[in-house]
Amino acid sequence: MTTPAHVAIIMDGNGRWAKARGLPRLAGHRAGVEALRKTVRAAPELGISYLTVYAFSSENWSRPKSEVSDLMGLLKLFIRRDLAELHQNGVRVRVIGDKEGLQPDIRGLLQEAESLTAGNEALTLVIAFNYGGRDEIVRTARKLADAVARGDMASDAITAESFAASLDTKGIPDPELVIRTSGELRLSNFLLWQAAYSELVFLPCYWPDFSREHLADALRDFAGRERRFGGLAARDVAL
Ligand code: FPP
């Protein structure tokens, strides 16, 4: 079975999971963190090397102040409580998104997680936090434009390869598979550059209910897909 090296997940449906149980949205996000823990444990066992999760989008700031603050609190708690276990399990943490827009204490924690785990190899957990695909592309374009303006780079040295190598995800292969839970059928500004040729799997379950079995099913679905990257299906090449 072909296993994707990189799986990216839009962890959607925490709010609806909570509402269905008559619980506050925070309870849904807490249950979401638990589902994330389980997924991080399952991923390397299923042969996945890179797992990217959409934890806070650049658009999530428009949620009520209290929910934004809850999500910031959950990230801090996750790093404080889980970093030692992640490190022990050989998980390397990478963070993508606009770190400049985060509070200094959160930036510090994320930096600590990245530094401590930099040498680990069992799984790379990429946390997309204050992340937006368009924002990442704009920040990258600005960085390259500055390099050209300084005379450090010729404009014709800007290629798809050099652009990709300047994105937040530099050094990380593109995700072969993107999963979104909760039945919504869109990318919502997630990995817009990197997901150009990703296979997409949409699951009806809410994120807190996502389990190892859902992940294994999505991998089986992926294995049955034929990826053509704009070319022809193998069976049509000789025609
Ligand atoms: C979408 O559900 C989920 C989010 C906006 C946040 C994802 C966050 C977690 C899984 C927990 C936080 C994890 C860390 C590490 C901070 P939603 O709230 O949009 O659900 P809804 O569409 O049903 O309202």
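Both ligands and their constituent atoms are indexed starting at 1 by order of listing. All residue numbers in this chain count up from 1 along the given sequence. All of these numbers come straight from a predicted model, not from anything done at the bench.
- In this structure, atom 22 (O) of ligand 1 lies nearest to the protein heavy atom R16 NH2, 3.0 Å.
- Short contacts between ligand 1 and W207, defined as distances under 4.0 Å to a heavy atom of the residue, involve ligand atoms 10 (C).
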Table please: side-chain donor-acceptor pairs of residues 19-30 below 3.5 Å, with sequence neighbours left out.
from: R21; atom 1: NH1; to: W17; atom 2: O; distance (Å): 3.0
from: R25; atom 1: NE; to: E67; atom 2: OE1; distance (Å): 2.8
from: R25; atom 1: NE; to: E67; atom 2: OE2; distance (Å): 3.3
from: R25; atom 1: NH2; to: E67; atom 2: OE2; distance (Å): 3.1
from: H29; atom 1: ND1; to: N14; atom 2: ND2; distance (Å): 3.0
from: H29; atom 1: NE2; to: E67; atom 2: OE2; distance (Å): 2.8

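- Taking every non-hydrogen atom of H29 and a distance limit under 4.0 Å, the qualifying atoms of ligand 1 come out as 11 (C), 18 (O).
- Counting protein heavy atoms only, atom 6 (C) of ligand 1 is closest to A55 O, 3.4 Å.
- Residue, atom and distance of the protein heavy atom nearest to atom 20 (O) of ligand 1 are G15 N, 3.0 Å.
- Of all atoms in ligand 1, listed by their number and element, those nearer than 4.0 Å to a heavy atom of N60 are 5 (C).
- Of all protein heavy atoms, the one lying nearest to atom 3 (C) of ligand 1 is M11 O, 3.1 Å.
- Below 3.5 Å of separation, one finds an N or O of D12 facing an N or O of ligand 1.
- Judged by distance alone, the side chains of S115 and Q111 do bring a donor and an acceptor atom under 3.5 Å apart.
- Counting protein heavy atoms only, atom 19 (O) of ligand 1 is closest to R63 NH2, 2.8 Å.
- At the top of the distance list for atom 13 (C) of ligand 1, counting protein heavy atoms only, stands V33 CG2, 3.8 Å.
- Looking only at atom types and distance, the side chain of H6 has a donor-acceptor partner in the side chain of T52 under 3.5 Å away.
- The neighbour count for E59 CD, taken as heavy atoms of other residues, nucleotides or ligands under 6.0 Å away, is above 12.
- When each of R180, M11, R16 is tested with W207 by the rule side chain to side chain contact (heavy atoms under 4.5 Å, CB included), just one qualifies, namely M11.
- Sorted by first then second residue, the ring-ring contact (aromatic ring centres under 6.0 Å, His included) pairs that include residues 141-200, not counting sequence neighbours, are Y54-F190, F163-W193, Y197-F229.
- Below 3.5 Å of separation, one finds an N or O of N14 facing an N or O of ligand 1.
- Salt bridge status for D221 with R225: present, with a side-chain N to carboxylate O gap under 4.0 Å.
- Between E199 and R227 the shortest side-chain heavy-atom distance falls below 4.5 Å.
- Selection from R37, R25, K19 by nearest heavy atom to atom 24 (O) of ligand 1 gives R25.
- In this structure, the separation between CZ on R139 and OG on S166 is 11.5 Å, given to the nearest 0.5 Å.
- Scanning all protein heavy atoms for the shortest distance to atom 15 (C) of ligand 1 gives L36 CD2, 3.8 Å.
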